[in-house]
Number of protein chains: 2
Amino acid sequence: MAAWSERLAGVRGVLLDISGVLHDSGEGGGVPIPGSVEALARLKRSQLKVRFCTNESQKSRGDLVGLLRHMGFDISEDEVTAPAPATCLILKERGLRPHLLIHDGIRSEFAQIDTSNPNCVVIADAGESFSYQNMNKAFQVLMELDNPVLISLGKGRYYKETSGLMLDVGAYTKALEYACGIKAEVVGKPAPGYFQSALQEMGVESHEAIMIGDDIVGDVGGAQRCGMRALQVRTGKFRFYIYLTLTCVHGMRPSDEHHPEVKADGYVDDLAEAVDLLLQHAHQ
Amino acid sequence: MAAWSERLAGVRGVLLDISGVLHDSGEGGGVPIPGSVEALARLKRSQLKVRFCTNESQKSRGDLVGLLRHMGFDISEDEVTAPAPATCLILKERGLRPHLLIHDGIRSEFAQIDTSNPNCVVIADAGESFSYQNMNKAFQVLMELDNPVLISLGKGRYYKETSGLMLDVGAYTKALEYACGIKAEVVGKPAPGYFQSALQEMGVESHEAIMIGDDIVGDVGGAQRCGMRALQVRTGKFRFYIYLTLTCVHGMRPSDEHHPEVKADGYVDDLAEAVDLLLQHAHQ
């Protein structure tokens with residue numbers, strides 16, 4: 001690989017994933033990843049622009065920011081690009097009235113949305129609300145529509161909580177796609193429009209921006225397809241891949257650093273190392 | 001299409017799907033489809049061999065046959081090819097110890113199977129047992145295996161109960177496949193080996209056999225790929241497609257009689273019409 005100075009030259013803006021980069025989510029809001037509070041503070045004191053780009057769809061933007069601030073992170077609501085507010089804009093633009101298959105923690109984001117006589121389904125990381133009954137209701141709504149529209153807040157396979165790996169919305173979206181014979185529209189990473197709106201809100205062109213995340217497909221691959229650079233941290237769900245590499249050399253799931261299609265522009269241990277490198281080499 | 005006499009010539013054996021052909025499942029076991037009890041009786045009085053080939057994975061074979069006999073159907077347990085007993089044979093042959101994501105109604109079929117320290121997951125139509133917690137447990141078991149094996153009892157998208165359409169096991173199998181990055185092994189229709197074992201048990205070659213079912217992909221397409229002929233009945237889930245054709249001419253889901261890839265050898269209103277035609281034209 002080229003030297004860091006070359007790989008990071010000209011970076012003016014940084015998009016940060018939240019879960020797995022700032023903190024590991026979980027009971028009571030989770031725990032900060034060691035060194036991340038201080039690393040974010042250093043990054044925000046620099047000349048680099050910073051924005052947060054998350055697929056969090058269990059908590060409202062306000063609740064998420066509240067939790068992170070409580071852990072010591074310097075973050076405010078208007079710095080966060082999140083899929084629920086982005087979805088509300090789309091619903092209003094297109095006159096869509098959703099049946100909501102979502103977690104109660106995010107219901108407040110949809111308070112201004114008309115949900116009567118639904119003409120689409122919105123699916124988010126509903127967690128325990130992914131009961132058979134709730135999934136079947138969403139399926140039946142879709143099957144009764146002449147032109148079924150399914151909007152999925154992200155398409156993550158799973159995420160890491162302090163208690164272990166948890167199925168994410170993408171798995172349940174696949175279930176509805178297969179049952180109904182349709183394709184969901186994704187609002188969230190890795191959808192190009194989602195990264196573009198985050199870049200626009202940050203006021204930085206894609207070639208001047210870098211994404212930092214723990215998901216090789218959702219964060220790294222998605223950002224690169226938009227013309228950005230991307231670093232993968234070895235925290236969050238990444239750590240599980242390391243374990244897989246050691247235990248499952250001939251297994252079916254590739255380790256992220258050997259993903260068959262996506263190569264990050266660099267791999268770092270954690271946000272702290274990423275910030276060290278950025279402050280040393282970016283904006284040159 | 002050719003005349004019925006040509007299409008049904010030389011048929012010596014009939015494989016019958018159960019749900020949607022004999023009865024509609026649902027509360028209290030469901031209801032027989034009008035004319036099917038009598039049609040089955042006529043078929044069994046003929047020279048044609050008869051076997052039942054089902055993907056039922058919520059009820060044990062004994063319970064299913066008990067319900068059908070109670071409705072008046074002439075059926076016995078040893079005439080039924082069902083995915084749970086077929087799966088048990090595979091588990092024993094390969095020394096697999098399953099984590100079971102199944103409906104309680106079928107648990108008795110696995111009574112002789114070692115489920116300690118699981119090295120695979122078996123997924124069936126678990127219905128209400130498809131909770132987030134149960135799905136996540138199966139996901140975690142798979143992710144901890146060096147060589148994750150997922151066995152799915154059928155891959156149906158949905159089925160029709162008296163109360164409406166219900167998500168079937170295939171949707172949940174897709175969810176686990178996507179989350180784990182693996183491909184399930186299917187035991188049940190439309191897997192070729194499953195049809196072949198039913199033919200063997202009936203003692204009829206594929207070119208002498210015909211499948212009668214309501215599922216264009218699982219029944220008709222699967223049987224045809226094994227060299228059998230296949231009729232689709234307009235009962236069971238088929239009736240829902242008729243409704244779709246009328247309300248959703250430009251929709252995304254094709255009506256079965258216009259399925260892009262699969263064409264049945266004939267379409268009949270119900271089992272009664274299929275039996276009329278078979279008794280008139282088969283075995284000639």
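In what follows, chains are A, B, ... by sequence order, proteins preceding strands, each numbered from 1.
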Chemist: Measure the OH-CG distance between B/Y178 and A/L167 for me, rounded to the nearest 0.5 Å.
Modeler: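 Going from the OH atom of B/Y178 to the CG atom of A/L167 covers 11.5 Å.
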Chemist: Can you list, pair by pair, the side-chain donor-acceptor contacts under 3.5 Å of residues 98-105 of chain A, counting residues two or more places apart and other chains?
Modeler:
from   : atom 1 : to     : atom 2 : distance (Å)
A/H103 : ND1    : A/G105 : N      : 2.9
A/D104 : OD1    : A/R107 : NE     : 3.1

Chemist: Check the orientation of A/F130 and A/Y172. Use parallel for under 30°, tilted for 30 to 60°, and perpendicular for over 60°.
Modeler: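 It falls in the parallel class, under 30°.
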Chemist: With no hydrogens and no angle check, do the side chains of B/Q232 and B/D265 hold a donor and an acceptor under 3.5 Å apart?
Modeler: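 Side chains of B/Q232 and B/D265: no pair found under 3.5 Å.
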Chemist: Can you name the residues of residues 116-127 of chain A that have some heavy atom under 4.5 Å away from a heavy atom in chain B?
Modeler: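 Only A/G127 of residues 116-127 of chain A have a heavy atom under 4.5 Å from chain B.
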Chemist: If we check salt bridge (charged side-chain N to carboxylate O under 4.0 Å, His left out) with B/K189, which of these qualifies: B/D219, B/D168, B/D215?
Modeler: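 Considering B/D219, B/D168, B/D215, a salt bridge (charged side-chain N to carboxylate O under 4.0 Å, His left out) with B/K189 is found only for B/D219.
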Chemist: Please walk me through it: do A/H23 and A/V31 pass side chain to side chain contact (heavy atoms under 4.5 Å, CB included)?
Modeler: CA-CA 6 Å; A/H23 74 132; A/V31 292; over 6 Å; no
Chemist: Which bit of A/E128 comes within less than 4.5 Å of chain B, counting heavy atoms only: side chain, backbone, both or neither?
Modeler: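 Both parts, heavy atoms under 4.5 Å.
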